[in-house]
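Report on the following structure.
Since the model is a prediction, treat every value here as computed from it, not as a measurement. Order of listing sets the numbers, starting from 1, for every ligand and every atom in it.
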Amino acid sequence: MTPIDQLSEQEAKSELVQLEKQLDAANSAYHQNDAPELSDATYDALKRRNADIEARFPHLKSEDSPSEKVGAAPVEGFGKIQHAVRMLSLSNAFDDEDVKDFDKSIRSFLGMNGPEPLSYTAEPKIDGLSLSLRYEKGILIQAATRGDGATGENVTANARTISDIPQIIDNAPDVLEIRGEVYMSHSDFEALNERQTERGGKTFSNPRNAAAGSLRQLDEEITRARPLLFFAYAWGEISEPLAKSQTEAIARLQGFGFSTNPLTKTCVGTNAMVAHYRKIEAQRSTLGYDIDGVVYKVDDLALQARLGFRSTTPRWAIAHKFPAELAWTRLEGIDIQVGRTGALSPVARLHPVTVGGVVVSNATLHNEDYIKGLDSKGENIRDGKDIRVGDWVQVYRAGDVIPKIADVDLNKRPEETKPFVFPDQCPICNSDAIREEGDAVRRCSGGLICAAQAVERLKHFVGRSGFDIEGLGAKQVEQFYQDGWVKEPADIFLLREKYGSGLQQLKNREGWGEKSADNLFQAIDLKKTIPLNRLIFALGIRHVGENSAKLLAQNYTTWDGFEAAMKNATVGNGAAWDALMAIDGVGAVLAASVVQVFHQDAEAASIKRLTDLLTIEDVVPTAPSDSPVAGKIVVFSGTLEKMSRAEAKATAEALGAKVSGSVSAKTDLLVAGPGAGSKAKKAADLGVETIDEDGWLSLIGAE
Ligand code: IVH
């Protein structure tokens with residue numbers, strides 16, 4: 001390698017282009033495919049060389065320089081905006097049957113037993129990024145990305161540069177939040193990549209990344225120079241209703257000056273919906289922009305309101321996805337990765353191949369049985385064909401998910417291949433890797449002694465939905481673990497105390513200067529105060545995802561309450577167990593997993609060391625506290641005539657009540673329809689207040 005001080009300007013320029021490509025590829029392999037391609041040392045060396053060249057030739061630094069990026073994580077530096085109304089995602093349908101089920105579940109929720117079909121809108125699902133635009137008295141005052149749905153990034157200055165987005169709207173409601181998709185057309189995407197190549201800048205792998213990268217620029221002049229487009233399709237907070245139906249509402253958005261998608265159609269019944277899906281699918285390749293499915297929405301807005309939301313998706317809409325994209329390539333190797341819960345996951349190393357516009361070199365192989373050609377019930381998949389290193393395999397990619405291996409071509413199998421032998425020892429710590437009865441996954445039994453598990457747990461802990469500490473990402477955590485500085489989460493909060501004196505130790509480390517070390521300590525201090533749900537999620541307990549962490553937090557409201565309840569509970573019986581199981585969305589597997597963690601001494605002690613260093617924010621009940629049923633335990637029994645059981649339950653929960661399936665002394669209210677029988681009797685015996693369906697409706701003000 002030429003020493004930096006001997007590089008000519010021309011050489012420096014071409015080397016920077018090279019480095020940027022390599023680092024971008026490494027970043028996306030690491031962050032998006034979850035499958036690193038470079039060793040940490042190589043990655044660091046490349047990054048350092050890039051920074052050193054830029055330091056000598058500052059004018060060659062490109063606008064997308066790798067030194068400005070922390071992995072593929074969100075650009076730091078945008079303000080945060082709390083969405084007045086959460087920005088949700090959509091659940092998916094993959095075939096016509098799923099669409100029929102969607103319609104059925106809606107009718108059953110609404111108690112519609114008759115034959116008349118429901119009306120839906122059907123429109124393309126644009127593959128871009130969603131944006132929420134807030135207008136007050138007709139003036140655009142704020143634009144925010146979706147972020148995690150509750151909080152997004154403030155990209156107002158950037159949004160103002162997009163010509164599809166009106167700055168002023170005549171005759172708008174006082175408060176009007178318009179939601180839609182920012183996207184880039186195919187031709188603009190190609191032209192942008194050409195320009196970038198000429199200038200030695202970064203090229204984008206697909207129009208969606210290009211749109212996201214272009215919108216989320218700290219300098220909005222860069223956004224202005226990028227040809228972004230916007231389709232409006234939904235709304236958030238509004239001071240007055242827009243219309244009575246989705247169809248009319250979309251027409252109003254158009255009237256406000258927004259582009260709406262010309263392929264939007266009102267369809268009566270599922271046959272018409274699916275027919276429109278086929279029509280859109282047939283036009284897909286000629287539209288000039290990427291779409292990845294068709295979105296159906298219940299047309300009647302009053303029904304949408306009754307249907308409401310699950311935790312992250314509306315009940316009244318669904319995305320009917322197009323089939324995944326496929327390609328064939330050679331399987332060059334199978335690596336085993338060890339995850340946070342000890343799961344041994346086989347990863348396919350592929351000869352790089354383009355699948356739907358994205359180069360894929362890694363894919364998941366799920367588990368040992370999947371490689372053998374068996375599903376979770378021991379039945380054949382792929383006609384029982386196993387997968388071997390050297391095989392010709394079919395890769396498929398759907399949306400942003402990790403690519404998968406769908407099939408293998410036995411006609412192209414080289415002669416010398418052998419069946420893959422799945423290891424029965426952890427490749428990292430050599431502990432036995434055990435597969436329990438009924439579990440598809442083989443797990444390392446090393447627990448906390450397994451370096452891979454410990455590191456993965458730490459990565460999860462500092463991840464975006466966990467503690468999200470600026471400057472402390474996967475790579476740094478790994479480095480600190482290797483150094484022995486951070487072995488468990490609590491150690492993160494002791495870093496300053498133990499290693500920060502004069503910052504000597506850290507600042508002498510490669511890649512750390514005095515300023516970055518100091519910034520890190522400050523960033524860590526900032527996260528010493530943490531909302532309860534984030535903490536529960538960050539602990540990385542098996543089966544506890546973001547949603548279940550939220551459910552647990554909302555139910556127990558304080559850390560002390562949660563911890564005590566888990567310590568008191570025994571798996572399978574007792575009041576504390578029953579209370580845990582009574583949470584809607586918590587099943588036995590999750591419940592047992594959480595309870596067990598608090599009964600393992602080493603785990604519980606590690607958690608205690610952590611929580612002693614934190615200030616944990618209680619959950620403030622979100623349910624309207626002025627609701628007459630907030631905090632009450634309600635039981636529905638017998639036949640309800642004006643709503644389905646599901647709707648009754650959802651409404652009660654939205655008003656802050658807890659809905660239970662059985663009457664006990666703790667029950668506050670029984671809503672009894674005809675045939676309530678034994679529950680009504682039990683309620684009478686226990687002196688629990690009992691009302692009928694009309695009584696309930698008038699109590700909650702629905703009549
Ligand atoms: S409606 C409450 N309509 O898909 C429902 N979303 O997977 C809000 N998207 O976050 C979404 N085209 O970014 C809707 N025609 C469309 C869409 C669309 C693209 C995106 C949107 C959303 C994501 C959900």
### Task
Report the relative orientation of the aromatic rings in His320 and Tyr296; use parallel for angles under 30°, tilted for 30 to 60°, perpendicular for over 60°.
tilted
### Query
Is the backbone N or O of Gln554 less than 3.5 Å from a side-chain atom of Thr557, with the two atoms forming a donor-acceptor pair by type?
no
### Query
Is it true that a side-chain atom of Arg284 and a backbone atom of Ile291 form a donor plus acceptor pair closer than 3.5 Å?
yes
### Task
For the residue pair Asn261 and Tyr289, confirm or rule out a side-chain donor-acceptor distance under 3.5 Å.
yes
### Task
Output, in order, the C-alpha distance, side-chain angles, deciding distance and verdict of side-chain contact (heavy atoms from CB on, under 4.5 Å) for Tyr120 and Trp316.
CA-CA 9 Å; Tyr120 296 87; Trp316 43 264; over 6 Å; no
### Task
Determine, for Arg134 against Glu237, whether the closest basic-nitrogen to carboxylate-oxygen distance falls under 4.0 angstrom.
yes
### Query
Taking any residue with a non-hydrogen atom under 4.0 angstrom from an atom of ligand 1, which ones do you get?
Leu88, Ser89, Leu90, Glu123, Pro124, Lys125, Ile126, Ser130, Arg146, Glu181, Tyr233, Val295, Lys297, Pro314, Trp316
